[in-house]
Each structure stands twice: as C-alpha cells, then as structure tokens.
Amino acid sequence: MIIAGKDGVYIDLHVHPNARQTGLRGIYGERLKITVTATPESGRANEATVVLIAELLDVPRGTVSLVGGATGRRKRVHVDGIDADEARELIAAALTGPGRS
C-alpha cells in the first residue's frame, strides 16, 4: 500500500466519493481506504484525494500527484520528498489517533 520510490513514495488507495465526511477510514484489501465529500465529476474527488493525502502526511499539496486511477475508485498517488518509513508512521498515527471516527 505504501511503496518506496526513487524520490518519494507511492500510495495505493481505495476512494469513496460523495461521502458524508472526508477522511482516512482504514484498510481495504491492500489499499488505504479514504472517503471524500467531493463528487467524482470534473476531477473534484481526485483533487480532494490529493489534498487529503497532503494533509495526512503534512506535506505541501504540490508534492502529491495522482499517477493512476483517475476515473476509478482504485487510485495511486506519488508523494515527493518523504520516505516510506515516515509515511507509514504518519498513516499509522492517523489510523489510531484521537478524533478517529
């Protein structure tokens, strides 16, 4: 689900658009499951996905890019400038941290 790359990490996601809340919901198979309130029309859900990943990893939005799955629920993003261990720690903390629904 989090794969080390040359200049950052790749993260495999399962995205549910049109949700009541935006957030990290857990693990879905081999992917992180996230929900976004945005609709899938005109790339809104893709943009919301990128913004959420940037927030979860505390990186600038410009370092996160959608590299696969633009039209489906199964997506892959690339995050520049972060290593896999740090990304895993931040995601684990988000999955278990306070305020988790």
Side-chain angles (χ1 to χ4, degrees):
M1 102 184 52
I2 298 175
I3 304 151
K6 182 179 177 186
D7 298 322
V9 296
Y10 293 93
I11 303 174
D12 292 328
L13 305 167
H14 180 84
V15 179
H16 182 81
N18 282 332
R20 285 188 280 173
Q21 292 182 319
T22 294
L24 178 61
R25 298 294 172 238
I27 308 296
Y28 185 83
E30 299 271 330
R31 297 173 176 273
L32 289 177
K33 181 177 182 180
I34 66 168
T35 57
V36 294
T37 58
T39 62
E41 287 84 26
S42 302
R44 289 183 187 103
N46 290 336
E47 178 60 23
T49 296
V50 167
V51 168
L52 176 60
I53 296 299
E55 289 173 359
L56 288 171
L57 298 179
D58 195 27
V59 297
R61 188 269 173 244
T63 64
V64 182
S65 56
L66 184 69
V67 295
T71 60
R73 290 184 182 221
R74 294 173 47 142
K75 300 184 184 301
R76 177 174 274 193
V77 294
H78 181 262
V79 185
D80 279 329
I82 190 169
D83 66 45
D85 289 336
E86 183 181 1
R88 285 184 192 103
E89 287 177 19
L90 291 166
I91 294 297
L95 284 170
T96 60
R100 177 93 170 99
S101 53

Q.
I'd like to know whether Thr37 forms a side-chain contact (heavy atoms from CB on, under 4.5 Å) with Arg20, so could you lay out the CA-CA distance, the side-chain angles of the two residues, the decisive distance to 0.1 Å, and finally the verdict.
A. CA-CA 6 Å; Thr37 58; Arg20 285 188 280 173; over 6 Å; no
Q | Pair Tyr10-Val77, side-chain contact (heavy atoms from CB on, under 4.5 Å): steps then yes or no | A | CA-CA 6 Å; Tyr10 293 93; Val77 294; over 6 Å; no
(Q) side-chain contact (heavy atoms from CB on, under 4.5 Å), that's the test. Do Ile3 and Asp12 meet it? Break it down for me. (A) CA-CA 8 Å; Ile3 304 151; Asp12 292 328; 3.7 Å; yes
Q) Checking side-chain contact (heavy atoms from CB on, under 4.5 Å) for the pair Ile91/Ile2: CA distance, chi angles, key distance, verdict? A) CA-CA 10 Å; Ile91 294 297; Ile2 298 175; 3.9 Å; yes
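The pair Arg74-Glu30 does not count as a salt bridge, with every side-chain nitrogen at least 4.0 angstrom from each carboxylate oxygen.
Panel note: side chain Asn46, backbone Ala70; a donor-acceptor pair is recorded below 3.5 Å. A donor-acceptor distance shorter than 3.5 angstrom exists from the side chain of Arg31 to the backbone of Lys75, with no hydrogens or angles considered. In terms of modelled atom types and a separation under 3.5 Å, the side chain of Thr63 and the main chain of Val59 share no donor-acceptor contact.
Transitive grouping of hydrophobic side chains (ILVMFWY, heavy atoms separated by less than 4.5 Å) brings Val15 and Leu95 into a common cluster. There is no path of hydrophobic side-chain contacts, each under 4.5 Å, that joins Leu66 to Val51. Linking ILVMFWY side-chain heavy atoms closer than 4.5 Å, directly or via other members, places Tyr28 and Leu52 in two distinct hydrophobic clusters.
For Ala87 against Val9, the heavy-atom pair with the smallest separation is CB-CG2, 4.2 Å. For Gln21 against Thr35, the heavy-atom pair with the smallest separation is O-OG1, 2.8 Å.
By the 4.5 Å heavy-atom criterion applied to side chains, Leu57 and Ile11 are counted as neighbours. Residues Lys33 and Arg73 are not in side-chain contact: their nearest non-hydrogen atoms beyond the backbone lie 4.5 Å or more apart. Residues Pro17 and Thr39 fail the side-chain proximity criterion, which asks for heavy atoms closer than 4.5 Å. The shortest distance between side-chain heavy atoms of Ile27 and Leu32 falls below 4.5 Å. Residues Ile34 and His14 have side chains not in contact (no heavy-atom distance under 4.5 Å, counting atoms from C-beta outward).
Here Leu13 contributes atom CG and Met1 contributes atom CE; the two are 10.0 Å apart, rounded to the nearest 0.5 Å. Note: Leu24 CG to Glu55 CD = 12.0 Å, rounded to the nearest 0.5 Å. The CD1 atom of Ile82 sits 10.5 Å away from atom CD1 of Ile53, with the distance rounded to the nearest 0.5 Å.
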